[in-house]
Amino acid sequence: MMNGFVAKSPMPGFRLGMGITVTMLSIVVLLPIGALLLHGVNFGLSNTWQVVNTERVWNALFLSFRLAFFAALFNLITGTLLAWVLARYEFPGRRIVDAIVDLPFALPTAVAGIALTALYAPNGLFGQFAKNWLAPIGNFLFSPFGVEFSGRIAYTQWGILIALIFVGLPFVVRTVQPVIGEIEREVEEASATLGATRFYTIRRVILPMLMPAALTGFALSLARAVGEYGSVIFIAGNIPNKTEIAPLLIVIRLEEFNYDAAGAIGIAMLLISFSMLLVINLIQIWSRRRIGHV
Amino acid sequence: MNRPHPKLGRFTDFSADMTAGSRAMGQDCRSDDLGRAGAGARPLRRILAAALTAFALVATPQIAAAQDRLLNVSYDPTRELYRAINDAFVEKWVADGNARPAIETSHGGSGAQARAVVDGLKAQVVTLALGADIDQIAERGLLPEDWQTRLPHNSSPYTSTIVFLVREGNPKGLKDWGDLVNDGVEVITPNPKTSGGARWNYLAAWAWAEKNGQDPKEFLAKLFGNVPVLDTGARGSTTTFAQRGIGDVLLAWENEAYLALEELGEDQFEIVVPSVSILTEPPVTIVDKNIENDSQRALAQAYLDYLYSPEAQALIFKHFYRGWDTSKADPGDVARFPELDLVTIADFGGWKKAQAEHFGDGGTFDQIYTAK
């Protein structure tokens, strides 16, 4: 905790470290964002609003953020589970599974997009399965309720969701895994000796300790999914109002040489992302307070 | 991908994939490779790495200066054509007693390619899908406004038209534009905002509707209602249709349709020629502001003139484009093209007018997706 201006520290290198931090942040992060905002200021607030406040832009923004949220939520649950398995159990091939988790980081997103599209297209391996098995079963079960399944995954919102889950998964696993490693087994044993059931131990002891890290992973996964372009354009149908993500709309505006409109949509995305991350941070602070410092 | 030049290796390999984005990615990778040499090394090694990097940066243009280079920024479906033409031109240029030039070609959606040139990609020659995209470059002062009068046939050494590619046996019985708006027909076309070919598709459909007493705007709204996937470029749409098995009909350049037949098997697809289509003119020109010296200008001029020569025209016919000069072409290549009622861009009042009216912000294409 820093009370006062700069607390004295026994560690050397504060000035140098701080200098590099500020320079790097400015060049790598603040400069591009500043340029974007400056562009928006020059374009004018009301003009920016006019560009954003159209049905097509709202649909694209809603699609991007909604699917990114669901993908991050899915990753939060499955990623935490995966991290638990990797950190807690010894099994043959554990290291291989551990390495596979990082693949979405390493693979160029365009390659991922094309591979996923080939798999989930109606003539692909999973696509055929979905069309021939899932859709008839789904329709048999749910058609009385007026729900219809086309059995198509690629070129629909399902395809986008799968691509976003793919690119976001490692974030949750990699943030949660070390925290699980830190939790000592004695904590669980103590909980058990005090009469807690297994489920109670997970709910009241383990999960609260994982919460801050899991939320960080969730936020990273969400942020990544919101801006994801490379893999999604291959698997999305890119139909306006239906499967057109906001980043694609920005690219389309750029192709029209309409830099102002592209900047305006970019600013809208930036603001929404910023407020979402703010909310997540607030939840983190709240959860830390609630369970004490981990 | 182009074959990298033996001396210059990967530095000459500017050929990009389907989008401008992936081209940027390719360039990033190169600068990355240089940058990584300096990261994390000890001081002496770091200095050495920096010196080597500087040498590499300085040396590359010097090697290049000894040799004339040409960057031809082209659109999506010309990959195979320019691969053949570049080889043939280099042979001829060398046979005429000149030094061997390095000719590179980059491909992508026509609009994206034009934007890359506007944003500073040093292309000496552009060969795009439609005049409007070159107009955009001219508007930024990189070449004169009257560029299209500089070479014969509206600066279009090859033309094509828009046809339908359908699945074997034409199961949905699609014969003409009117059949495409039937219920249950899925039409594949790229997005006219990002693809030049798609703009020709759009205008061809518009022309048919006008000639057949339909409201063209309503007709196109119905047509695009049947489009399940809008790719950003023509090649992407071909992949979606042919390899992913989506859709009943692909609206394609005639040359792209024949290429798909050749590459993917004649037993899978059929070409259907509609009653009305449009004469597509993909023009070529020199980007004057990007010419560095006289010898480069001479090379660029010779390159474009070569496109009109009987030898290049024969290659053009061979690659399924409609050329002008049949003297050296294989008669079989020429006989392939059926006669049909072709409107031209002049019927739409030229690209300047058509671009603003149909594909500009709030144009008829935008109205399709805002009217609902």
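Any value given below was found using the heavy atoms of this structure, including those in side chains, with hydrogens, waters and symmetry copies removed.
Both the backbone and the side chain of A:I114 come within less than 4.5 Å of a heavy atom in chain B. The contact between A:L248 and chain B is made entirely by side chain atoms (from C-beta outward), counting heavy-atom distances below 4.5 Å. At a 4.5 Å heavy-atom cutoff, the contact between A:A118 and chain B is made by backbone and side-chain atoms alike. For chain B, the nearby part of A:Y259 is the side chain; its heavy atoms alone come within less than 4.5 Å. Both the backbone and the side chain of A:N123 come within contact range of chain B, judged by heavy atoms closer than 4.5 Å. With a 4.5 Å cut-off on non-hydrogen atoms, B:V227 touches chain A through its backbone and its side chain both. Within the 4.5 angstrom heavy-atom criterion, no atom of A:T243 approaches chain B. Heavy atoms closer than 4.5 Å to chain A are found nowhere in B:D133, neither backbone nor side chain.
Ring centroids of B:F269 and B:F241 are separated by less than 6.0 Å, placing the two rings close together. B:F365 has its ring centre less than 6.0 Å from the ring centre of B:F224. Checked against the 6.0 Å centroid criterion, the rings of B:Y75 and B:W253 qualify as a close aromatic pair.
For B:R199 and B:Q355, the side-chain atoms include at least one donor-acceptor pair closer than 3.5 Å. Between B:Q243 and B:T240, the side chains place no donor N or O within less than 3.5 Å of an acceptor N or O (distance only, hydrogens not considered).
Interface summary for chain B: among A:A121, A:P240, A:A154, A:G127, the most heavy-atom pairs under 4.5 angstrom belong to A:P240. Residue with the most contacts toward chain B among A:N258, A:V251, A:I239: A:I239 (heavy-atom pairs, distance under 4.5 Å).
The closest donor-acceptor contact from the side chain of A:E228 to the backbone of A:L164 lies at 3.5 Å or more, if one exists at all. Judged by distance alone, with hydrogens and angles left aside, the side-chain atoms of B:D76 form a donor-acceptor pair with the main-chain N or O of B:R235 at under 3.5 Å.
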